[in-house]
Amino acid sequence: MTGGAVSENDGLVIAMLIAMALSCGVVLMLIFTIVWNVRRRDDEVDELLEEIRATEEVEQPVVANQEPTERREPWERPADWWK
């Protein structure tokens, strides 16, 4: 190296360090925004969702000795189609 000039190898190393720093910065920013949004979450919404889920479970009658029906798409064959 002469007089403060940057060689090709040094330029590559510097570019890779900058790319790694930017990548780590993006990951840290994503983690920060996730944590920020979780802390700002409204507890009332969670309570309302739990209440709706509880009322839906109560409204659905449970029938004893009933085989569970399999949900299929219209294009699907029954599981024992080959028999």
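This chain uses plain numbering: 1 for the first residue, then up along the sequence. As the structure is a prediction and not an experimental result, all values here were calculated from the model. Just so it is clear, the values below take in all heavy atoms, side chains as well, and ignore hydrogens, waters and symmetry mates.
Evaluation of the salt bridge (charged side-chain N to carboxylate O under 4.0 Å, His left out) rule for R53 yields E50 as partners, not counting sequence neighbours. Take R41 and apply the salt bridge (charged side-chain N to carboxylate O under 4.0 Å, His left out) test, not counting sequence neighbours, and it matches D46.
Transitive grouping of hydrophobic side chains (ILVMFWY, heavy atoms separated by less than 4.5 Å) keeps M20 and L28 in distinct clusters.
When all heavy atoms of L30 and T33 are compared, the pair lying nearest together is O-OG1, 2.9 Å.
Open room surrounds CD on E8; 12 or fewer heavy atoms of other groups in view lie less than 6.0 Å from it.
With rounding to the nearest 0.5 Å, the separation of CG in L49 from CD in E44 is 12.0 Å. The CG atom of L17 sits 11.0 Å away from the CG atom of L22 when rounded to the nearest 0.5 Å.
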